[in-house]
Each structure stands twice: as C-alpha cells, then as structure tokens.
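The structure under discussion appears below in the form of structure tokens.
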Amino acid sequence: MHPKPMRFRETPVQGDRKRVREIIASSGFFSSQEIEVADELVRERLCKGISSGYLFQFAEVEGRVVGYACYGPIPCTLQSYDLYWIAVEETLRGTGVGRELLRRSELAMARAGGTRIYVETSSREQYGSTRAFYDACGYGKATVLEDFYSPGDHKVIYLKVLPEEELQ
C-alpha cells in the first residue's frame, strides 16, 4: 500500500474534473476523446447528482486526488453494474491504490444490491497490465468482441460475481 495516509470519498467536487483528466492522461493509454468521456461522467454527476447513474470512489493523499473509480448500475438490469473507469496516477500504479479503490467500489455496489460487475478493456498489448489487474482481483473473462474498437483491437469484457459474504 502507498506509504502516506490515504483518504477516500464518494462525492465528487468541481476540482475533481481536472484531476480525473490528469490521471487518465498520465497513463498514456487514452485518446483525447476518451479523456473527454471520463471528464463528462464527473460533469454529469456534478450536474445531476446520484440520478446521473454515475457513482465514484476517490483516493486522496494529502488532499490531492491520486486515483478514482467510476461505476454505476446497468439500466434495465436488477443487480448488474458497470465499472466504467478505474485509474491511478501513473507514479502510484502498483502501490495498491487501484486495488483499494476497486474493493471499496465492489462493497458499495454490493450494499446497493449489486451481484454482478462488468468491466471492459482493450485487447491491445499496452492493456496487458490492466487485464492482469482484473484477473488478480477475481474477474474472469466473460467474452471478447472481436474488432470492436478497430481491426485487431477487441473489446474484452470481464465479469465478477460478488461472493455471498459481500452481499450481507
């Protein structure tokens, strides 16, 4: 785990938009369009509140957001959730921040009645560590949609069924 004390919160504030953009950009993985989407989800939540369907976990060290997760219930399902984003400042990757954000997100989803969590990522080589992270956190590959993003870039969808003890 990261050596400095971390604080976690669920409610976004206006300043989070800038930090989310910076954190997403720090990975070097995402296009400007994808960074805009990440920002848009925070903006939607700030404008519409919980009714936006976007829920968050933020990790802070010394008052600075160093990672976040965004998730929400999948419309027209009873117990399924999407994990839209989980990202940690590049300098802190591998320190346990992402794992803790995911754990807190899973607990919040379980408390809200969620039993199934879906997450999607790319099949590109640069996302190998992302796929390994989900594997290590108990997610299984549910399906692959070939050539989804572009020729040779498949959408890999992972699923985790929450264990009964988390649902109590």
Side-chain angles (χ1 to χ4, degrees), residues 1-2 6 8 10 12 20-21 23-31 33-42 44-45 52-59 65-90 92-168:
M1 193 52 128
H2 189 264
M6 257 191 292
F8 293 89
E10 296 180 352
V20 162
R21 293 175 74 85
I23 290 166
I24 296 294
S26 79
S27 74
F29 286 12
F30 301 104
S31 69
Q33 188 176 29
E34 290 168 314
I35 294 168
E36 288 299 321
V37 169
D39 177 52
E40 180 182 331
L41 301 187
V42 179
E44 280 290 305
R45 172 60 189 271
S52 69
Y54 300 119
L55 306 170
F56 289 87
Q57 295 286 330
F58 292 94
V65 174
V66 297
Y68 85 104
C70 176
Y71 54 93
I74 299 174
C76 301
T77 69
L78 293 178
Q79 300 170 311
S80 296
Y81 277 72
D82 271 325
L83 178 65
Y84 298 113
W85 290 93
I86 185 164
V88 175
E89 191 174 284
E90 186 62 25
L92 295 176
R93 288 183 73 191
T95 63
V97 176
R99 191 175 289 267
E100 183 62 17
L101 283 165
L102 184 58
R103 186 187 74 77
R104 288 171 178 268
S105 298
E106 290 171 351
L107 286 172
M109 289 183 251
R111 285 188 197 113
T115 60
R116 300 172 73 80
I117 302 170
Y118 294 88
V119 61
E120 62 186 59
T121 190
S122 169
S123 68
R124 289 187 310 201
E125 188 176 319
Q126 74 188 62
Y127 288 90
S129 62
T130 302
R131 294 188 301 274
F133 172 77
Y134 292 124
D135 288 335
C137 291
Y139 286 73
K141 192 182 297 181
T143 195
V144 176
L145 303 177
E146 294 192 12
D147 301 323
F148 183 86
Y149 297 110
S150 64
D153 186 4
H154 316 311
K155 179 193 277 191
V156 182
I157 301 173
Y158 285 86
L159 166 65
K160 183 173 186 177
V161 177
L162 296 174
E164 282 297 315
E165 59 270 13
E166 289 187 29
L167 301 176
Q168 298 172 358

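Rounding to the nearest 0.5 Å places OG1 of Thr143 at 11.0 Å from CG of Leu159. To the nearest 0.5 Å, atoms CG (Asp82) and OH (Tyr54) are separated by 9.5 Å. Arg124 CZ to Tyr149 OH: the interatomic distance, rounded to the nearest 0.5 Å, is 9.0 Å. Taking OG of Ser122 as the start and CZ of Arg131 as the end, the distance is 7.0 Å to the nearest 0.5 Å. The CG atom of Leu145 sits 11.5 Å away from atom CG of Asp153, with the distance rounded to the nearest 0.5 Å. Expressed to the nearest 0.5 Å, how far CE of Met109 lies from CG of Leu162 amounts to 7.5 Å.
Of all non-hydrogen atoms in Val119 and Leu83, the two that sit nearest each other are CG2-O, 3.6 Å. Taking both residues in full, the closest heavy atoms of Cys70 and Leu41 are given as SG-CD1, 3.9 Å, listed atom of the first, atom of the second, then distance. The two residues Gln57 and Arg104 come nearest to each other via the heavy atoms OE1-CB, 3.6 Å. Scanning both residues, Ala59 and Phe8, for their nearest heavy atoms gives CB-CE2, 3.5 Å. Here the closest heavy-atom approach between residue Pro12 and residue Arg45 is recorded as CG-CG, 3.4 Å. The shortest heavy-atom contact between Ser26 and Val88 is OG-O, 4.2 Å.
With Trp85 as the fixed residue, the ring pair (Phe, Tyr, Trp, His ring centres under 6.0 Å) test singles out one of Phe30, Phe29, Phe58, Phe56: Phe30. Here the rule is ring pair (Phe, Tyr, Trp, His ring centres under 6.0 Å) with Tyr134, and of Tyr127, Tyr139, Tyr118 only Tyr139 fits it. Test Ile23, Thr95, Leu101, Leu92 against Val66 for side-chain contact (heavy atoms from CB on, under 4.5 Å) and you get one pass: Leu92.
Within 6.0 Å of CD in Gln33 there are 12 or fewer heavy atoms belonging to other residues, nucleotides or ligands.
Using a cut-off of 4.0 Å between Lys/Arg side-chain N and Asp/Glu carboxylate O, Glu106 and Arg103 are scored as not salt-bridged.
Residues Tyr68 and Ile24 have side chains in contact (heavy-atom distance under 4.5 Å, counting atoms from C-beta outward).
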**Request:** Would you please test Lys141 and Tyr158 for side chain to side chain contact (heavy atoms under 4.5 Å, CB included) and show each step?
**Result:** CA-CA 4 Å; Lys141 192 182 297 181; Tyr158 285 86; 4.2 Å; yes
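Shown here are the salt bridge (charged side-chain N to carboxylate O under 4.0 Å, His left out) partners of Glu10, two or more places apart in sequence or in another chain: there are none. The side-chain hydrogen bond (donor to acceptor under 3.5 Å, both in side chains) search around Arg93 returns Glu90, Ser129, not counting sequence neighbours.
Judged by distance alone, the side chain of Lys160 and the main-chain N or O of Cys137 form a donor-acceptor pair under 3.5 Å. Remark: side-chain polar atoms of Asp147 are paired, donor with acceptor, to backbone N or O of Gly152 under 3.5 angstrom.
Using a 30° and 60° split on the angle between ring planes, Tyr81 and Tyr71 fall in the tilted class, from 30° to 60°.
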